[in-house]
Amino acid sequence: MPGGCWPKAQGGGMLLALLGWVSSCVTTFVPLWKNLNLELNELEVWNMGLWQVCITQEEGVVECQAHGSFLALPPELRISRLLMCLSNGLGLLGCLLAALGLQGWRACEGKPGRKRQLLLAGGATLGTAGITTLVPVSWVAYDTVLDFWDETVPDIVPRWEFGEATFLGWFAGAFLAAGGLLLACSARSAGPATPPAPARRQGPAAGPPLHPKNADLVI
């Protein structure tokens with residue numbers, strides 16, 4: 001890639017990382033991981049998240065109630081809550097590390113090797129944050145599919161379905177991973193440049209060889 005494209009690649013990677021981190025934070029706290037529509041009462045819509053359950057009525061009134069106990073939650077929700085909090089912290093740390101290694105910033109100016117290390121560390125951290133976002137979201141989505149198609153549950157029982165936060169979480173994890181990969185790949189532009197080889201000093205041009213008979217004429 002030409003040298004002028006690396007700053008653009010770093011800017012694009014940073015933008016993806018920030019979008020992914022913000023989306024991951026929103027996914028963590030909104031109660032939209034699962035939706036439930038009651039056929040007996042179509043005026044109410046139930047929404048479940050990692051922290052609370054909300055009921056939305058037709059009049060627009062929303063009533064939310066926090067989960068009673070952390071230990072009483074299903075395993076996928078308990079572990080998802082921990083992984084999403086870890087992802088938010090890693091995403092913030094990765095953005096800070098990568099920002100310090102961007103070209104054009106005064107931080108570590110004159111130390112290209114240090115900037116390269118910061119970009120690599122930031123990219124790796126953001127990639128880890130993307131994985132820790134994709135894993136819990138995919139796990140909850142998988143359990144939702146299993147429960148929806150469970151043949152042992154009567155058909156009259158309402159089933160939970162995907163919420164908006166599930167899709168937002170997938171996008172967040174993909175943005176974090178793509179941004180981290182792009183920043184890590186662009187770290188080569190911040191590496192130490194190879195110094196140019198010193199030019200050879202040329203001595204004075206040698207004159208034509210003197211004839212032995214004219215050797216005494218040399219001044």
Q: Ignoring hydrogens, what is the shortest heavy-atom contact between Val62 and Cys54? Give both atom names and the distance.
A: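 Of all heavy-atom pairs spanning Val62 and Cys54, the closest is CG1-CB, 4.1 Å.
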Q: Go through the steps to decide whether Arg81 and Leu73 satisfy the test side-chain contact (heavy atoms from CB on, under 4.5 Å), and finish with yes or no.
A: CA-CA 10 Å; Arg81 184 185 291 188; Leu73 291 175; 3.3 Å; yes
Q: Would you say Val53 and Val140 are hydrophobically clustered, going by side-chain heavy atoms of ILVMFWY under 4.5 Å?
A: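 Yes, because Val53 and Val140 connect within a single hydrophobic cluster, where side-chain heavy atoms sit under 4.5 Å apart.
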Q: Taking all heavy atoms of Leu16 and all of Ala178, pick out the closest pair and write down the distance.
A: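 Nearest pair, atom of Leu16 first, then Ala178: CD1-CB, 4.1 Å.
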Q: Work out which heavy atom in Ala141 is nearest to a heavy atom in Thr166; give both atom names and the distance.
A: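 Shortest heavy-atom contact: CB-CG2, 4.0 Å.
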Q: Which atom names give the shortest non-hydrogen contact between Leu183 and Ala98, and what distance separates them?
A: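 Heavy-atom minimum between the residues: CD1-CB, 3.6 Å.
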Q: Give a yes or no on whether Val137 and Val135 share a hydrophobic cluster (residues Ile, Leu, Val, Met, Phe, Trp, Tyr; joining criterion: side-chain heavy atoms under 4.5 Å apart).
A: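 No: no chain of side-chain contacts under 4.5 Å links Val137 to Val135.
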Q: Group every Ile, Leu, Val, Met, Phe, Trp and Tyr by side-chain heavy-atom contacts under 4.5 Å, then state whether Leu120 and Leu97 land in the same group.
A: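 No; tracing contacts between hydrophobic side chains, which count when under 4.5 Å, never links both residues.
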Q: Backbone N or O of Thr28 within a donor-acceptor pair of the Trp51 side chain at under 3.5 Å?
A: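 Yes, Trp51 side chain to Thr28 backbone: donor-acceptor pair under 3.5 Å.
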Q: Side-chain heavy atoms under 4.5 angstrom apart, residues restricted to Ile, Leu, Val, Met, Phe, Trp, Tyr: same cluster for Val22 and Leu83?
A: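 No, because Val22 and Leu83 fall into different hydrophobic clusters, even though each may have its own neighbours under 4.5 Å.
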Q: Restricting to pairs with a member in residues 132-141, which pass side-chain hydrogen bond (donor to acceptor under 3.5 Å, both in side chains), not counting sequence neighbours?
A: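 Applying side-chain hydrogen bond (donor to acceptor under 3.5 Å, both in side chains) to every pair that reaches into residues 132-141, excluding sequence neighbours, yields Ser24-Thr133, Ser87-Thr133, Ser138-Trp170, Trp139-Asp143.
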Q: Assess the residue pair Gln10 and Leu119 against the criterion (side-chain contact (heavy atoms from CB on, under 4.5 Å)); give the C-alpha distance rounded to whole Å, side-chain angles, the decisive distance to 0.1 Å, and a yes or no.
A: CA-CA 9 Å; Gln10 292 179 3; Leu119 276 177; 3.5 Å; yes
Q: For Trp160 and Phe148, indicate whether the former's side chain and the latter's backbone hold a donor-acceptor pair under 3.5 Å.
A: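 Between the backbone of Phe148 and the side chain of Trp160 there is no qualifying donor-acceptor contact (under 3.5 Å).
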Q: Are Met14 and Phe175 connected, step by step, through hydrophobic side chains (Ile, Leu, Val, Met, Phe, Trp, Tyr) whose heavy atoms are closer than 4.5 Å?
A: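 They do not share one cluster, since no chain of ILVMFWY contacts under 4.5 Å joins Met14 to Phe175.
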Q: So, does His67 use its side chain to make a donor-acceptor pair with the main chain of Ala72 at under 3.5 Å?
A: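 Absent.
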Q: Does atom OH (Tyr142) have a neighbourhood of more than 12 heavy atoms from anything else shown, all under 6.0 Å?
A: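 No.
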Q: Does atom CZ of Phe162 have more than 12 heavy-atom neighbours from other groups under 6.0 Å away?
A: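 Check passes, neighbour count above 12.
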Q: Quick one: does Lys115's side chain have a donor or acceptor within less than 3.5 Å of a partner on Leu102's backbone?
A: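 Present.
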Q: Determine yes or no for a side-chain-to-main-chain donor-acceptor pair under 3.5 angstrom, with Trp33 supplying the side chain and Thr27 the backbone.
A: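 A pair under 3.5 Å: yes.
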